[in-house]
Amino acid sequence: VLTTVPLFDTSSVTNTSSMFQGCRVLTSVPLLDTSSVTDMSYMFDSCGALASIPLFDTSSVANMSGMFSFCYNVESGALALYQQASSQAAVPTHTGAFADCGSNTVTGAAELAQIPDGWK
């Protein structure tokens with residue numbers, strides 16, 4: 001059972017789609033090198049125990065749809081990642097990137113309320 005993601009070399013990885021999808025007891029993720037990643041879709045979908053979201057480098061990302069959907073217990077990080085990705089020159093495809101992300105926590109719900117509907 002994966003509860004935390006170890007830090008490993010991801011500097012050459014281009015596709016992390018569904019990489020940790022459904023890891024329901026995953027609670028933490030380190031700041032991985034995502035500078036080459038173009039597809040982050042559903043990477044952490046349904047990781048209900050995840051508590052925080054690192055500020056991943058999304059500068060090369062073209063798709064982050066569903067990335068943190070149904071991560072109900074996220075307390076922080078969603079808003080910062082949304083702000084970074086949404087301000088890029090090429091805004092990634094993002095349908096449902098933060099659907100219900102943080103909805104079970106006070107701080108997470110407050111962040112979620114500041115993210116536009118198209119992202120959640």
Which atom names give the shortest non-hydrogen contact between [X] and [Y], and what distance separates them?
| X | Y | result |
| --- | --- | --- |
| Gln21 | Asp45 | NE2-OD2, 2.7 Å |
| Leu2 | Val5 | CD2-CG2, 4.4 Å |
| Pro92 | Ala85 | CD-O, 3.5 Å |
| Asn104 | Asn73 | CB-OD1, 3.4 Å |
| Ser35 | Asp33 | OG-OD1, 2.7 Å |

Enter the distance from Met40:CE to His94:NE2 here, rounded to the nearest 0.5 Å.
-> 15.5 Å

To the nearest 0.5 Å, atom CZ of Arg24 lies from atom SG of Cys71 at 10.0 Å

Which class fits the ring pair Trp119 and Tyr82: parallel under 30°, tilted 30 to 60°, perpendicular over 60°?
-> perpendicular

Under 4.5 Å between side-chain heavy atoms, hopping through other hydrophobics if needed: is there a path connecting [X] to [Y]?
| X | Y | value |
| --- | --- | --- |
| Met64 | Leu31 | yes |
| Phe20 | Val25 | no |
| Phe44 | Tyr72 | no |

With no hydrogens and no angle check, just 3.5 Å: does a side-chain donor-acceptor pair link [X] and [Y]?
| X | Y | value |
| --- | --- | --- |
| Gln84 | Thr58 | yes |
| Thr93 | Asn63 | no |
| Ser17 | Ser41 | yes |

In this structure, which one of Thr107, Asp100, Leu50, Leu112 forms a side-chain contact (heavy atoms from CB on, under 4.5 Å) with Val74?
-> Leu50

Only residue of Phe98, Phe56, Tyr42 satisfying side-chain contact (heavy atoms from CB on, under 4.5 Å) with Met67 is Phe56

Please confirm whether the backbone N or O of [Y] pairs with a side-chain atom of [X], one donor and one acceptor, at under 3.5 Å?
| X | Y | value |
| --- | --- | --- |
| Thr34 | Val37 | no |
| Ser36 | Ser12 | no |
| Ser60 | Thr38 | no |
| Glu111 | Leu79 | yes |

Does any non-hydrogen side-chain atom of [Y] lie less than 4.5 Å from one of [X]?
| X | Y | answer |
| --- | --- | --- |
| Ile53 | Cys101 | yes |
| Val61 | Asp39 | no |
| Leu55 | Leu81 | yes |
| Glu75 | Ser52 | no |

